[in-house]
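Just below is one structure, and these are the notes that go with it.
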Amino acid sequence: MGDSVVLGVDIGTTSTKVVAYDTDGDQLASHSVGYPLDEPHPGYAEQDPQLIFDAVVECLRTVAGELPGRVAGLSFSTAMHSLIGLDPDGNPLTPSVTWADSRSSAQAERLRAAPWGLALHRRTGTPVHPMAPLPKLVWFAEQEPKLFERVAHWVGIKDFVLLRLADALVTDHSVASATGLMDIHQLVWDARALGIAGITEEQLPQLVPTTTVLPGLTAEAAAATGLPADTRVVVGAGDGPLANLGLGAVKPGVVACSIGTSGAMRVAVERPAVDPLGGVFCYALTEDRWVVGGAINNGGIVLQWAGDALAPELGEHPEEQLLALAERAPVGSGGLIMLPYLLSERAPHWSALPRGAYVGLTHGHRREHLVRAALEGVCQQLALVLASVRAAGNEVREIRASGGFARSPLWRQMLADALGMPVRFPAGHEGSSFGAALLGMQALGMIPSIDVAADLVEIDETVRPEPAAAATYAALLPLFSELYDALVPTFASLRRLAPSLPPEPAPTAPPM
């Protein structure tokens, strides 16, 4: 049996999970290990690379120990946009600076506003935003110049793990396409981007396809994981593109939507492209499959905030009670609109400026309206991302959704109504880890193509929009969109005033 099993290794923001899959898509074993997201200063969101590597090793050792035979190989998924500086011996000189880190906001805004900012986005596929490694590198060059000069190699967290496991300094086209440093049309490091960052091509890992197979593990890694040294290692891809694969959303026109703590919408395409306004990203999955879409910072975190701020008496896990409260308010929340930018925002505006806002509040609104407007704001933001996906020239004929929100019938219906399309909810796959395993199976010749994912993923339920609710959300969407533009000057003024104001309260939980 083992020869038909691939271990999908999903290196996430707050945990790593390894799941063993066979070629029928069945899970045979799994294990996860968590680790902290450190926020030592406002705007910082970083991690210890060694803790993450140790988590990968523990997960591999545990899952391999539960399987009766030899596995065919490992295949990796990773959270995108991380950045680590290494010394010449491969030891970290910096923490792993994650996508959630916003310390480079000023650098990102400056680069984005430059005459060539949009052209850079369209050439690299990555929005010029503090989530991305390019502005992070500019921050290090400007704020930590002595450290910056000492760094021999700049890598992502998966690159670091592969260096330790397989002694290979490589990065795949998928992860590289989310750095802002790779030309997605030529699949080479972009000379202009490297010049802006102040680094050389020699300081970056070798670019390889996502299906690249490394010959095996180091002797030390084999001993630590309990896997044979000749276990094949598939380099893998970023977690966003692989989530599409894990949901079976691999054919053009099929959109994958996810709402966890944050959220995203992505559609698979056969050629890389970014819309003329730069509202979407474009990241690689394989050499002939890409995903176009956008991520939002504020998904389930908005519901958590509503519990903490609006209904603290409900306790630590008030989700069901909050959703029941929201259900008492009408569609459209009685004309109350919330911009849910509690953790700033990404798509489709790609600016670190925005703050959250309630607009339209009257004496008649009650707590249920505030909670429902918060949930509706998340769905309306995803509707803006979907519009940007279409503006990039992509047909949207099917939407598949997953994430913690999918457990709520109210939120399922609200999403379908806000998007104005049926939303299909697949049964039980692990998303990125399953996508990683499928990619590994293709790379190892175990399946003919990743297109089999569309057949392996079963649809559990289809939720169709209710016409009256969909019409209400469609009428409100232009107002929701206009509010962002109207409030940009206010957001900018708040940032300028921030040093002279009392500090903002710390978040109750870190972003995931």
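This is a predicted model, so every value here is computed, not measured.
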Under a 4.5 Å cut-off applied to non-hydrogen side-chain atoms, are [X] and [Y] in contact?
X      : Y      : answer
Arg346 : Ser262 : yes
Leu7   : Val63  : yes
Leu120 : Leu111 : no
Leu207 : His173 : yes
Gln381 : Pro348 : yes
His31  : Val33  : yes
Val6   : Met446 : yes
Gln47  : Leu37  : yes

Query raised in the report: Going through the distances and angles, do Asp417 and Arg464 end up as a salt bridge (charged side-chain N to carboxylate O under 4.0 Å, His left out)?
Result: CA-CA 8 Å; Asp417 294 340; Arg464 302 184 183 281; over 6 Å; no
Requested in this report: Determine, for Tyr44 and Arg103, whether the Lys NZ or Arg CZ falls below 6.0 Å from the six-membered ring centre while staying within 45 degrees of the axis.
Outcome: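 Verdict for Tyr44: a cation-pi partner in Arg103.
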Report task. Answer yes or no for Arg412 and Phe425: cation-pi contact, defined as NZ/CZ to six-membered ring centre under 6.0 Å and angle to ring axis within 45°. Result ->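 Arg412 over Phe425 ring: yes.
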Could you pull out the closest heavy-atom pair between [X] and [Y], with the gap in Å?
X      : Y      : value
Pro340 : Ala374 : CB-O, 4.4 Å
Ser177 : Thr126 : O-OG1, 2.6 Å
Ala132 : Pro127 : CB-O, 4.1 Å

Indicate the ring-plane relationship of [X] and [Y], choosing parallel, tilted or perpendicular according to the 30° and 60° boundaries.
X      : Y      : value
Tyr358 : Trp305 : tilted
Tyr484 : Phe491 : tilted
Tyr21  : Phe434 : tilted
His369 : His365 : perpendicular
His129 : Trp350 : perpendicular

Query - Enclosure of Arg407 CZ (heavy-atom neighbours >12, cutoff 6.0 Å) - result: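 It does not: Arg407 CZ has 12 such atoms or fewer within range.
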Query - Enclosure of Glu320 CD (heavy-atom neighbours >12, cutoff 6.0 Å) - result: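 Not buried by this count: 12 neighbours or fewer within 6.0 Å.
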Report task. Kindly determine whether Arg123 and Asp190 satisfy salt bridge (charged side-chain N to carboxylate O under 4.0 Å, His left out), including the steps that lead there. Result -> CA-CA 8 Å; Arg123 199 167 61 249; Asp190 185 86; 2.7 Å; yes
Query raised in the report: Are the charged groups of Arg372 and Glu376 less than 4.0 angstrom apart, N to O?
Result: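 Yes, this pair counts.
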Query raised in the report: So, Glu398 and Arg424, do they make that salt bridge, N to O below 4.0 Å?
Result: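 Salt bridge: yes.
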Query - Option among Thr78, Asp172, Thr171, Asp239 that satisfies the side-chain hydrogen bond (donor to acceptor under 3.5 Å, both in side chains) test with Lys158 - result: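 The single option meeting the side-chain hydrogen bond (donor to acceptor under 3.5 Å, both in side chains) with Lys158 is Asp172.
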**Report entry** No-hydrogen, no-angle side-chain donor-acceptor test under 3.5 Å, Ser82 and Trp99
**Finding:**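 No donor-acceptor contact under 3.5 Å links the two side chains.
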Query raised in the report: Any side-chain donor paired with an acceptor under 3.5 Å for Ser96 and Glu46?
Result: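 No pair is found: no donor N or O on one side chain lies under 3.5 Å from an acceptor on the other.
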